[in-house]
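Report on the structure given below.
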Amino acid sequence: YMSQNYSLHLCGGYVRDMCKGEPSFLDFIPDYLMGNFARIQLNLSCYMHLINNDRLVRTLLMPELQGRQFILQFAEPDFKLLSEIREAGIDAVPLFDCSGGRGKTPEEWPKAPSDLYCGYAGGLTPENVEAELKRIAAVAGSNNVWIDVETGVRSDRNEFDWKRVFSFLDACKPWVDTDALKPIGF
């Protein structure tokens, strides 16, 4: 059992453009592929200084982007921006990654706003995920959360490592609500 949520991850120039109100990635991704992405992650950490809140909100409201959830990756949470986006009726959730995508575990995980679905990332590995999930649970309170991992499941040669993935998933099992999982339909 597994649920599928395909997510388009935008970083670099595409995020810089989004911060300015110019969704240039739409010029390169065909409509038939865009339809597969229920979620779009904007890795904002390096570009917070470029964000024009009004332009970003208007961009996220574009018809081509409607019906999707936006994951906003923050190294430092910007609850004002998140609030403005959500108040505009946009389904947006934070991904707290204090390392800014560098795979470093924070000294302290950010506290989740009440009743908000949040993600946590940064330095999670098969070796530390059990301990880090306890720390995340302490700041998440009663919120439903998810975790994000990439660097922590790569080999020493920086290749995706299935053994590390399965080890990571095994370590997470006690934290997974198996009633919420749905079978994949092919």
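Owing to the predicted nature of the structure, the values given are computational and were not obtained by experimental measurement.
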### Task
Assess whether side chain to side chain contact (heavy atoms under 4.5 Å, CB included) is satisfied between Cys172 and Leu133, documenting all intermediate values.
CA-CA 8 Å; Cys172 294; Leu133 282 169; 4.1 Å; yes
### Task
Take Ile90 and Phe70, measure what side chain to side chain contact (heavy atoms under 4.5 Å, CB included) needs, and give me the verdict at the end.
CA-CA 8 Å; Ile90 298 165; Phe70 290 90; 3.7 Å; yes
### Query
Could you walk me through whether Gln41 and Leu8 pass the side chain to side chain contact (heavy atoms under 4.5 Å, CB included) check?
CA-CA 6 Å; Gln41 179 172 320; Leu8 174 64; over 6 Å; no
### Message
Val93 vs Leu72, test: side chain to side chain contact (heavy atoms under 4.5 Å, CB included). Steps then yes/no.
### Response
CA-CA 6 Å; Val93 295; Leu72 308 177; over 6 Å; no
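Residues Val176 and Lys173 fail the side-chain proximity criterion, which asks for heavy atoms closer than 4.5 Å. In this structure, the side chains of Leu61 and Val57 come closer than 4.5 Å at one or more pairs of heavy atoms. Side-chain contact between Met34 and Leu26: present, with at least one pair of heavy atoms (C-beta onward) separated by less than 4.5 Å. Contact check for Arg154 versus Glu150: side-chain heavy atoms found under the 4.5 Å cut-off. When side chains are defined from C-beta on, Arg39 does not count as touching Asp91, because their heavy atoms never get closer than 4.5 Å. Looking only at side-chain heavy atoms (C-beta outward), Glu127 and Arg164 come within less than 4.5 Å of each other.
At least one donor-acceptor pair closer than 3.5 Å links the side chain of Arg68 to the backbone N or O of Glu64. Not one N or O on the side chain of Arg58 forms a donor-acceptor pair closer than 3.5 Å with the backbone of Gly21. Checked by atom type and distance alone, the side chain of Thr105 pairs as donor or acceptor with a backbone atom of Gly123 at under 3.5 Å. With Arg86 contributing its side chain and Ala92 its backbone, the two residues share a donor-acceptor pair below 3.5 Å.
Taken from CH2 in Trp162 to OG in Ser167, the straight-line distance is 14.0 Å, to the nearest 0.5 Å. Rounded to the nearest 0.5 Å, atoms CG (Leu81) and CG (Leu44) are 7.0 Å apart. Between the CE atom in Met18 and the CZ atom in Arg55 there is a gap of 13.5 Å [rounded to 0.5 Å]. Expressed to the nearest 0.5 Å, how far NZ of Lys111 lies from CZ of Phe96 amounts to 10.5 Å. Rounding to the nearest 0.5 angstrom, the gap separating the CG atom in Leu116 from the CG atom in Asn144 is 10.5 Å. Distance check: Ser7 OG to Asn36 CG gives 12.5 Å after rounding to the nearest 0.5 Å.
Using a 30° and 60° split on the angle between ring planes, Trp146 and Tyr117 fall in the tilted class, from 30° to 60°. Ring geometry for Tyr14 versus Phe25: interplanar angle over 60°, hence perpendicular rather than tilted (30 to 60°).
Contact detail for Ala140 and Val145: the closest heavy-atom pair is CB-CG1, 3.6 Å. Residue Trp175 comes nearest to Ala137 through the heavy atom pair CZ3-CB, 3.8 Å, listed as atom of the first residue, atom of the second, then distance. Contact between Pro113 and Phe79 at its shortest, heavy atoms only, is CG-CE2, 3.3 Å. For Asp148 against Leu124, the heavy-atom pair with the smallest separation is O-CD1, 3.8 Å. Closest non-hydrogen pair, Asn143 versus Ser114, comes out as OD1-C, 4.0 Å. Taking all atoms of both residues into account, the shortest heavy-atom contact from Pro126 to Phe168 is N-CD1, 3.7 Å.
Glu132 and Trp109 share a side-chain donor-acceptor pair at under 3.5 Å. There is no side-chain donor-acceptor pair under 3.5 Å between Asn128 and Glu130. Residues Glu22 and Ser24 bring no donor and acceptor atom of their side chains to less than 3.5 Å of each other. Under the 3.5 Å distance criterion, with hydrogens and angles disregarded, no donor-acceptor pair is assigned to the side chains of Asp161 and Ser155.
In the hydrophobic clustering of this structure, Val153 groups with Tyr120; members are Ile, Leu, Val, Met, Phe, Trp, Tyr whose side-chain heavy atoms approach within less than 4.5 Å, directly or through other members. Side-chain heavy atoms closer than 4.5 Å link hydrophobic residues (I, L, V, M, F, W, Y) into clusters, and following such links, possibly through other members, connects Ile40 to Val15.
Ring to ring, Tyr6 and Phe37 are not that close: their centroids are 6.0 angstrom or more apart.
In the displayed structure, Glu159 atom CD is contacted under 6.0 Å by more than 12 heavy atoms of other residues, nucleotides or ligands. When the shell of 6.0 Å around CG of Asp31 is examined, it contains 12 or fewer heavy atoms from other residues, nucleotides or ligands. Taking a 6.0 Å sphere around CZ of Phe160, one finds it holds more than 12 heavy atoms contributed by other residues, nucleotides or ligands.
Each of Leu42, Leu10, Asp97 was compared with Gln73 under the side chain to side chain contact (heavy atoms under 4.5 Å, CB included) criterion, and only Asp97 meets it.
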